[in-house]
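The chains referred to below are lettered A, B, ... by the order of the sequence lines, with proteins before strands, and numbering in each begins at 1. Keep in mind the model is a prediction, meaning the values are calculated, not measured. Just so it is clear, the values below take in all heavy atoms, side chains as well, and ignore hydrogens, waters and symmetry mates.
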Number of protein chains: 4
Amino acid sequence: MKRVAKREPKRKNVALSVPPKSHVSRDLILRVAAQLFRQQGYSATTLRQIADKAGMKAGSIYYHFDSKTAILDEILELGLQRIFDAVKASVNDLGKGSHRNKISAAIKAHLVTLLQESDYTSANMRVYGQLPERIKKRHRPLRRAYGKYWDDMLVDAQRAGEIRPEILIVPLRRFILGAMNWTVEWFDARKNSSVQDLADRTTLLIFNGILPH
Amino acid sequence: MKRVAKREPKRKNVALSVPPKSHVSRDLILRVAAQLFRQQGYSATTLRQIADKAGMKAGSIYYHFDSKTAILDEILELGLQRIFDAVKASVNDLGKGSHRNKISAAIKAHLVTLLQESDYTSANMRVYGQLPERIKKRHRPLRRAYGKYWDDMLVDAQRAGEIRPEILIVPLRRFILGAMNWTVEWFDARKNSSVQDLADRTTLLIFNGILPH
Amino acid sequence: MKRVAKREPKRKNVALSVPPKSHVSRDLILRVAAQLFRQQGYSATTLRQIADKAGMKAGSIYYHFDSKTAILDEILELGLQRIFDAVKASVNDLGKGSHRNKISAAIKAHLVTLLQESDYTSANMRVYGQLPERIKKRHRPLRRAYGKYWDDMLVDAQRAGEIRPEILIVPLRRFILGAMNWTVEWFDARKNSSVQDLADRTTLLIFNGILPH
Amino acid sequence: MKRVAKREPKRKNVALSVPPKSHVSRDLILRVAAQLFRQQGYSATTLRQIADKAGMKAGSIYYHFDSKTAILDEILELGLQRIFDAVKASVNDLGKGSHRNKISAAIKAHLVTLLQESDYTSANMRVYGQLPERIKKRHRPLRRAYGKYWDDMLVDAQRAGEIRPEILIVPLRRFILGAMNWTVEWFDARKNSSVQDLADRTTLLIFNGILPH
DNA sequence: AATGAATGAGAGTTCATTCAT
DNA sequence: GATGAATGAACTCTCATTCAT
């Protein structure tokens with residue numbers, strides 16, 4: 001409360017660019033917390049579990065964060081920002097691709113980030129829906145923005161005739177994101193085939209459906 | 001532990017078929033618990049919240065159930081059984097329909113049960129993945145059976161040429177169920193258009209994808 | 001509180017002398033409660049355990065007793081009264097025996113009642129010391145009376161020269177009763193040799209000690 | 001469960017030998033718990049009572065112990081170990097005494113430790129018999145060892161002709177220990193005369209009995 | 001930067017007790 | 001006489017949080 005978590009501790013070793021110890025611990029806490037949140041949910045995860053995994057004592061966490069919620073907030077933010085950035089980046093990298101290619105790139109970026117890049121992202125997707133309104137509220141703007149990004153992309157594609165005209169955009173976006181996000185429930189990086197492969201199959205299903213033409 | 005929850009107490013009022021009081025309370029507890037589990041998750045839900053919603057005191061719940069976990073177990077079982085039954089029933093009702101019609105019926109039954117019929121079902125889908133292994137284990141057989149039911153249906157359709165041959169069945173089943181289950185995250189019966197409408201749109205997307213032919 | 005436990009329910013079947021049902025249940029409750037109190041102590045024993053053993057439901061006990069404490073009170077009273085009666089009876093039966101014979105008879109009666117006749121008695125001995133003052137108080141008069149009975153008997157014996165004069169009576173009484181009461185801690189009627197045998201050995205030790213003469 | 005109670009935390013103040021804070025609290029908890037267990041029994045004693053007496057809150061106890069049972073276990077162990085050590089020590093101190101002197105020393109050490117030295121010991125003696133089998137089991141080996149120690153000592157004395165030959169050792173040991181242990185039920189250090197005095201009288205009774213020679 | 005020790009609120013659970021039937 | 005269903009208080013235990021060191 002009174003103590004403000006320092007995000008930018010005074011650096012001593014600028015020259016050598018050694019990251020300050022505090023920064024390292026902070027990141028570690030976030031990482032293990034994200035992992036636990038994803039596996040067990042937010043409220044089933046205790047600060048002691050987080051501390052254990054991070055090799056410290058529960059009390060020490062409070063040097064880096066003001067509360068359990070503060071950790072959650074940062075994870076939610078980071079997770080969504082990361083997936084958003086990845087999607088935008090991979091779409092932009094295409095340059096002037098077809099709408100179809102853009103959507104395809106977005107799908108792949110979303111899935112890869114979700115399943116392979118970042119526990120933050122998967123924690124976000126899995127935990128968000130069960131959070132109390134109070135917490136959700138803070139993250140809604142970014143969520144909306146991400147939704148809008150997809151909507152815009154899909155609208156453009158539909159206008160260009162690359163999506164059938166009778167399809168409504170918002171339900172479509174929910175369908176696509178839902179099909180992807182649900183993979184968190186079962187995908188296991190150690191057991192399943194590659195994320196790339198999964199992304200390819202998913203893209204195909206979304207584009208062409210299951211029926212033969 | 002020792003006390004066995006009685007599901008079929010000796011009825012005195014057979015003629016009038018008045019459900020015994022205990023059965024009513026038991027059902028009420030299950031129903032409100034399912035609702036809360038769905039909204040907040042299992043471990044964020046307290047027995048006192050359940051009791052409040054059911055109009056009784058926390059201790060009274062223990063007359064009907066042995067533990068919080070026992071409530072969860074019954075909800076998980078009921079939820080999956082219900083969706084399974086509904087899907088089977090609506091597929092069987094078709095009689096000798098095309099594979100396409102069967103899949104379509106299954107999708108609708110799954111979605112309707114999930115979103116409209118039963119909190120048990122939506123609680124199940126939403127909560128299951130974050131549960132400790134120990135609890136999951138008990139419900140895995142039924143989950144597997146339900147997956148197999150879909151797989152069989154999809155395999156038959158593919159053999160009959162109604163699903164493109166290059167599509168792998170297991171990932172396909174996960175795609176379909178995932179797209180449906182995720183609706184629990186955002187669908188609000190009060191705000192959104194009808195479940196039927198959602199089911200129709202979903203079926204179309206699964207069958208035909210988004211691309212124009 | 002308001003309802004008074006009926007100890008003398010209106011008898012319908014005086015002629016046939018069939019004990020009224022209520023009396024039977026009441027006795028049963030007392031008996032199983034005494035057994036449990038002896039084994040586990042008073043506060044570790046629950047009314048549900050008592051009810052289970054008596055083949056009824058916890059609530060039903062309240063038809064016969066006002067509270068758990070009321071059961072305890074009656075057991076304590078019965079237990080001590082029984083041992084007291086038995087001891088007095090067996091001493092009186094001797095008629096004009098020697099002091100030595102009286103003491104010997106008292107020892108045997110105490111031990112036999114304690115270990116073989118009555119769970120009430122053993123429950124009493126085992127439980128009394130750990131009870132709150134409030135409960136103990138009610139039973140102190142009878143306890144004192146029993147103690148005095150022994151003291152009188154021992155004083156008489158000492159006056160008659162059958163107990164060495166340098167021995168103080170009160171510590172002696174405590175020594176004798178303690179040595180006997182402690183047997184409750186280990187004596188198991190199913191495994192050990194007869195109570196009679198134990199009584200004989202105990203008497204010998206008390207009279208002659210361990211040293212050879 | 002996972003947390004192991006540290007009995008030997010790294011000391012900083014070796015020189016001054018200031019006991020670490022945690023050790024002090026731990027000991028305090030054990031001490032007041034033993035006192036309460038002895039007075040009221042194990043299951044009538046609540047953690048809040050223990051905490052109150054120790055000047056802390058109930059939850060804080062869990063920093064030092066894993067459960068109420070863990071406290072009990074340690075008390076039982078400590079209590080028996082202490083009496084065992086005291087008896088062995090005082091017998092060994094005699095050097096080459098007569099058997100009679102050894103037994104006399106053992107009796108005194110047992111009684112003094114029981115009534116004057118240690119609440120752990122008296123709690124042990126008073127509480128053990130009413131404990132559930134599960135808990136008793138853990139402490140049976142030490143109990144057996146203590147019993148054997150007495151048996152050996154008594155057998156030696158009998159072989160040397162210092163105990164009458166017709167006396168059976170095991171019942172004798174039970175008689176002696178029982179007569180001593182029962183003192184816990186009534187002895188009050190504030191009201192009664194000295195423990196030493198009690199020990200002397202008890203020894204005399206055990207050795208010579210009550211009859212004049 | 002981190003820990004040891006504690007706290008207070010609240011968790012799931014138990015239990016003596018009540019009372020309408 | 002006995003039960004089914006419930007209550008309220010208290011229980012053991014957990015957990016986010018605090019703070020002196």
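With hydrogens and angles ignored, a donor-acceptor pair closer than 3.5 Å exists between the side chain of Arg48(B) and the base of dG12(E).
dA16(E) atom P lies 5 Å from atom NZ of Lys68(C), rounded to whole Å. Straight-line distance from the OH atom of Tyr42(D) to the C1' atom of dC11(F): 12 Å, rounded to whole Å. In this structure, the NZ atom of Lys57(B) is 15 Å from the P atom of dA10(F), given to the nearest Å. What separates CZ of Phe65(C) from C1' of dA2(F) is a distance of 15 Å, to the nearest Å. Distance Ile29(C) CD1 to dT3(F) C1': 13 Å, rounded to the nearest Å. The interatomic distance linking Ile135(A) (CD1) with dA16(F) (P) rounds to 13 Å, in whole Å. When rounded to the nearest whole Å, the span between CG of Leu36(D) and C1' of dC11(F) equals 16 Å. In this entry the distance linking CD1 of Ile61(C) with C1' of dG4(F) reads 15 Å, nearest Å.
Phosphate contact (OP1/OP2 of dA2(F), side-chain N/O of Ser25(C), threshold under 4.0 Å): present. A sub-4.0 Å separation between OP1 or OP2 of dA6(E) and a side-chain N or O of Tyr63(D) is absent. Between His64(B) and dA6(F) there is a side-chain polar atom (N or O) within less than 4.0 angstrom of OP1 or OP2.
Arg48(D) contributes no side-chain N or O that, together with a main-chain N or O of Ala58(D), makes up a donor-acceptor pair within less than 3.5 Å. A side-chain donor-acceptor contact under 3.5 Å links Arg126(C) to the backbone of Gly129(D).
The listed nucleotides are dG4(F), dT13(E), dT17(E); the one nearest the side chain of Ala58(C) is dT17(E). Picking from dA16(E), dT14(F), dT14(E) the nucleotide with the shortest atom distance to the side chain of Thr46(C) gives dA16(E). The nucleotide whose nearest atom lies closest to any side-chain atom of Tyr62(D) is, among dT14(F), dA16(F), dA6(F), dT14(F).
Ion pair Arg26(B)/Glu74(B) flagged as a salt bridge, since at least one NZ, NE, NH1 or NH2 atom sits closer than 4.0 Å to an Asp/Glu carboxylate oxygen. Of the charged side-chain nitrogens involved, none lies within less than 4.0 Å of a carboxylate oxygen, so that Glu133(B) and Arg138(B) do not count as a salt-bridged pair.
Checking Ser43(B) against Gly55(A), the closest nucleotide of DNA chain E that is more toward the 5' end is the one next to Gly55(A). Mapping Leu47(A) and Ser60(A) onto DNA chain F by nearest heavy atom places Leu47(A) closer to the 5' end of the strand. Two residues, Thr69(B) and Met56(D), neighbour DNA chain E, and the one matched to the more 5' nucleotide by heavy-atom proximity is Met56(D). Mapping Gly59(C) and Ser67(A) onto DNA chain F by nearest heavy atom places Gly59(C) closer to the 5' end of the strand.
In this model, no donor atom of one side chain and acceptor atom of the other lie less than 3.5 Å apart for Asn124(C) and His139(C).
Across all strands shown, dA1(E) remains unpaired; no Watson-Crick or G-U wobble contact has both distances below 3.5 Å. Across all strands shown, the partner of dC19(E) is dG4(F), judged by Watson-Crick or G-U wobble contacts whose two distances both fall under 3.5 Å.
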Evaluate the side chain to side chain contact (heavy atoms under 4.5 Å, CB included) criterion for residues Arg38(B) and Val127(B): first the C-alpha distance (whole Å), next the side-chain angles of each, then the deciding distance (0.1 Å), finally the verdict. CA-CA 7 Å; Arg38(B) 171 169 61 85; Val127(B) 147; over 6 Å; no
